[in-house]
Amino acid sequence: MKTRRQYIPVTDIEPGMVLGETVQVVEHGLLSMVLPPGHLLTADNLNQLHAHHAEYICIDQPDERSDEQIALDTELAARRVQDIFRDCKLDDPTLLSLFDQVMAYRTA
């Protein structure tokens, strides 16, 4: 089954969702909570995330889009990034790096 990685607010999390990336919550400069990628979230985890004031997490959700729809969505995202950077001088290594990172994130 295909999955799609999404960043969502902690307030939208539901038990049974699967973490797409490691969650590390730091409070007062100390690591107070760590959950690994692939972890199946429980109601207790949700309470802990709220208690530790986490804001967003990355989850993996089933992706029911067709391959054609995924290709179309990717193309539209790439066009949007190109439009945002249309007036930038991409011969500047810093801007080019930013462009590449945004493009990679938006078209993944």
Side-chain angles (χ1 to χ4, degrees):
M1 175 192 321
K2 295 182 287 186
T3 60
R4 184 176 192 181
R5 209 161 262 192
Q6 293 185 310
Y7 290 87
I8 63 170
V10 169
T11 54
D12 293 349
I13 302 170
E14 297 177 8
M17 289 183 167
V18 177
L19 286 178
E21 294 180 0
T22 300
V23 170
Q24 294 183 338
V25 180
V26 177
E27 286 187 304
H28 309 292
L30 299 172
L31 186 62
S32 60
M33 180 178 185
V34 177
L35 295 172
H39 179 78
L40 189 66
L41 292 168
T42 66
D44 286 340
N45 295 144
L46 303 184
N47 292 334
Q48 291 172 332
L49 288 166
H50 286 293
H52 291 285
H53 309 290
E55 295 180 16
Y56 285 84
I57 64 166
C58 178
I59 60 163
D60 284 337
Q61 292 185 320
D63 190 350
E64 298 175 3
R65 298 176 298 165
S66 67
D67 290 340
E68 293 79 18
Q69 186 63 50
I70 292 171
L72 178 61
D73 291 347
T74 301
E75 181 181 336
L76 291 173
R79 283 190 204 161
R80 177 69 181 129
V81 172
Q82 290 169 343
D83 186 48
I84 291 169
F85 282 84
R86 72 180 171 272
D87 295 327
C88 293
K89 296 182 181 183
L90 295 180
D91 54 343
D92 176 338
T94 303
L95 283 176
L96 180 58
S97 178
L98 177 61
F99 172 82
D100 289 342
Q101 291 298 313
V102 172
M103 183 67 80
Y105 174 77
R106 297 298 299 165
T107 58

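In this chain, numbering begins with 1 at the start of the sequence shown.
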Step by step, would you call T42 with N45 a side chain to side chain donor-acceptor pair (under 3.5 Å)? CA-CA 5 Å; T42 66; N45 295 144; 3.1 Å; yes

What closest approach, in Å, do [X] and [Y] show between heavy atoms, and which atom pair accounts for it?
| X | Y | answer |
| --- | --- | --- |
| P37 | G20 | CB-O, 3.8 Å |
| P15 | L46 | CD-CD1, 3.4 Å |
| V25 | A54 | CG2-CB, 4.1 Å |

Quick one: does any side-chain atom of T74 pair with a main-chain N or O of I70 as donor and acceptor, under 3.5 Å?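 Indeed, once roles are kept as given, a pair shorter than 3.5 Å links the two residues.
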
Determine yes or no for a side-chain-to-main-chain donor-acceptor pair under 3.5 angstrom, with R86 supplying the side chain and D83 the backbone.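 At least one qualifying donor-acceptor pair exists.
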
Just how far is it from atom [atom1] of [X] to atom [atom2] of [Y], taken to the nearest 0.5 Å?
| X | Y | atom1 | atom2 | result |
| --- | --- | --- | --- | --- |
| H39 | T22 | NE2 | OG1 | 11.5 Å |
| Q48 | D44 | CD | CG | 6.5 Å |
| E55 | H53 | CD | NE2 | 10.0 Å |

Apart from L96 itself, which Ile, Leu, Val, Met, Phe, Trp or Tyr residues share its cluster (side-chain heavy atoms under 4.5 Å, direct or through members)? V81, I84, F85, L90, L95, L98, F99, V102, M103

Which residues share a side-chain contact (heavy atoms from CB on, under 4.5 Å) with Q61, sequence neighbours left out: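 Listed in chain order: Q6, M17, I59.
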
Among the clusters formed by ILVMFWY side chains lying less than 4.5 Å apart, do I57 and Y7 turn up in the same one? no

Are L35 and I8 connected in a single hydrophobic cluster, I mean Ile/Leu/Val/Met/Phe/Trp/Tyr linked by side-chain heavy atoms less than 4.5 Å apart?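 Linked, I8 and L35 end up in one cluster.
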
Which residue pairs pass the salt bridge (Lys or Arg N to Asp or Glu O under 4.0 Å) test when at least one of the two sits in residues 3-23, sequence neighbours left out?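 Matches after skipping sequence neighbours: R5-D60.
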
Around R65, counting heavy atoms of other residues, nucleotides and ligands shown, do more than 12 lie under 6.0 Å from its CZ? yes

Could you walk me through whether Q69 and D73 pass the side chain to side chain donor-acceptor pair (under 3.5 Å) test, one step at a time? CA-CA 6 Å; Q69 186 63 50; D73 291 347; 2.7 Å; yes

Flag the pair D63 / T3 as yes when at least one side-chain heavy-atom distance between them is below 4.5 Å, and no otherwise.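 Heavy-atom side-chain distance check fails, nothing below 4.5 Å.
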
Within-4.5 Å side-chain heavy-atom neighbours: M33 and L49: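 They are in contact (side-chain heavy atoms under 4.5 Å apart), so the answer is yes.
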
